[in-house]
Amino acid sequence: MVAGGTNSMAVTSLVMSILWLGWLGSILGLIFGLKAMDEIDSSNGLQTGKALAIAGTIISAISLIPPVIFIILLFN
């Protein structure tokens, strides 16, 4: 990652959460968002994009709720 710019994992998290691509996109968006927030926090202010990472993480988490509820109801 090049220091001094927007964290690319944050952008990827938001894109994956918007595209959704089934469960895979949501899971990857969640993972990338959490990883991006960790990288941004440890960069001492050199990287930006925390809002993108938070948005991607939240959208991914919300989009995983309906399939999880469906699976729970299916196997209950």
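Contact detail for Ile40 and Gln47: the closest heavy-atom pair is CG2-O, 3.8 Å. Considering every non-hydrogen atom in both Ser13 and Ala53, the closest pair reads OG-O, 4.1 Å.
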Under the criterion side-chain contact (heavy atoms from CB on, under 4.5 Å), I'd like the reasoning laid out for Lys50 against Asp41: C-alpha separation, chi angles, the key distance, then a yes or no. CA-CA 8 Å; Lys50 189 161 186 174; Asp41 288 340; 2.8 Å; yes
Identify all side-chain donor-acceptor contacts of residues 65-72 below 3.5 Å with residues at least two apart in sequence or on another chain.
none

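Rounding to the nearest 0.5 angstrom, the gap separating the CE atom in Met37 from the OG1 atom in Thr57 is 3.5 Å.
The closest side-chain heavy-atom distance from Thr48 to Asn7 is not below 4.5 Å. Contact of the Thr6 side chain with the Leu52 side chain is registered, since non-hydrogen atoms from C-beta on lie closer than 4.5 Å.
Partner Ser17 forms a side chain to side chain contact (heavy atoms under 4.5 Å, CB included) with one of Leu30, Ile58, Ile59 and no other, that one being Ile59. Screening Thr12, Ile18, Leu19 for a side chain to side chain contact (heavy atoms under 4.5 Å, CB included) involving Val15 leaves a single residue, Leu19.
With Ser42 contributing its side chain and Glu39 its backbone, the two residues share a donor-acceptor pair below 3.5 Å.
For the residue pair Ser26 / Ser63, a side-chain donor-acceptor distance below 3.5 Å is found, with atom types taken as modelled.
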